[in-house]
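The chain is numbered in sequence order, starting from 1. As the structure lists them, so they are numbered: ligands from 1, and atoms in each ligand from 1.
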Amino acid sequence: PTCKLYKRPFTVCIEGNIGSGKTTFLSHFKQFDNTTVLQEPVELWRNVAGINLLELMYTDPKRYSFLFQSYVQLTMLQLHTYKSAMPYKIMERSVFSARCFIENMKRTKLLEDVEVVVLEDWYDWCIQNANIVTDLIVYLRTSPEVVYNRMKTRARKEENSVSLEYLHQLHNIHDEWLYDQTLFNLPAPVLVIDGNKSLEEMVIQFENCKNLIFNRKEEKN
Ligand SMILES: Cc1cc2cn([C@H]3C[C@H](O)[C@@H](CO)O3)c(=O)nc2[nH]1
């Protein structure tokens, strides 16, 4: 069959709380040679000219939340604008979910109002000027208690101070955005997956999701 040239990849963003299973879910897409998988650049955030910005953000959030979110926004934009010749591109989180973290930091006063304005002005400019297109959002919806236990088991050192309350806050904002859909306007349709399921059950959900995503492409051309 002729190989069709796509003007751009069908782009999926995987969204969800800390520990909701995004990385596990993404790893299933790595098996396909027609898909570019872009994981969250945590390693970049851990080494900014030798500085662990993720650690600083968690140890001194008042002082470092703005700086951290500012760098997160840049690294996510780099992934959104990454040129891929593949027909599919799957990203872990997005500049859209960056707004969830910023919203939480705003509500909990970790960011000054003026810091929020600057971050939002950057975001607005990027949305208008960088071609950030998303075709589908997959929301791994989990209960804070489940992700708290997973986070503790994974034991990422920078997260050892993250509280269940913080995960509740992030869960509520993700739900407002992607489940109730009352927060920000949605850049793409949302597919909600139950992230509380076991890995085996998640794989089944993944299979259904894969068929849905790859089938969608046929509609597109
Ligand atoms: C877009 C975006 C991703 C992201 C991740 N994080 C944190 C949550 C986790 O502890 C770690 C890896 O996701 O980074 C954050 O504070 N703000 C973020 N904004």
Full working for ring pair (Phe, Tyr, Trp, His ring centres under 6.0 Å) between H80 and F96: CA-CA 11 Å; H80 280 291; F96 312 115; 5.8 Å; yes
Test log, rule side chain to side chain contact (heavy atoms under 4.5 Å, CB included), inputs E15 and L178: CA-CA 9 Å; E15 303 288 359; L178 295 172; 3.7 Å; yes
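Within a 6.0 Å radius of OH in Y179, no more than 12 heavy atoms belonging to other residues, nucleotides or ligands are found.
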Show the distances, to 0.1 Å, for all pairs joining an N/O atom of ligand 1 and a protein N/O atom that are shorter than 3.5 Å, listing one pair per line.
from	atom 1	to	atom 2	distance (Å)
ligand 1	10 (O)	Y58	OH	2.7
ligand 1	10 (O)	E159	OE2	2.7
ligand 1	13 (O)	E40	OE1	2.7
ligand 1	13 (O)	E40	OE2	3.4
ligand 1	13 (O)	R93	NH1	3.0
ligand 1	17 (N)	Q69	NE2	3.0

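Every residue was checked against the salt bridge (Lys or Arg N to Asp or Glu O under 4.0 Å) condition with E165, not counting sequence neighbours, and none meets it.
A donor atom on one side chain and an acceptor atom on the other are not found under 3.5 Å apart for E176 and T182.
For the pairing with M57, the side-chain contact (heavy atoms from CB on, under 4.5 Å) check across F68, W45, F66 returns one residue only, F68.
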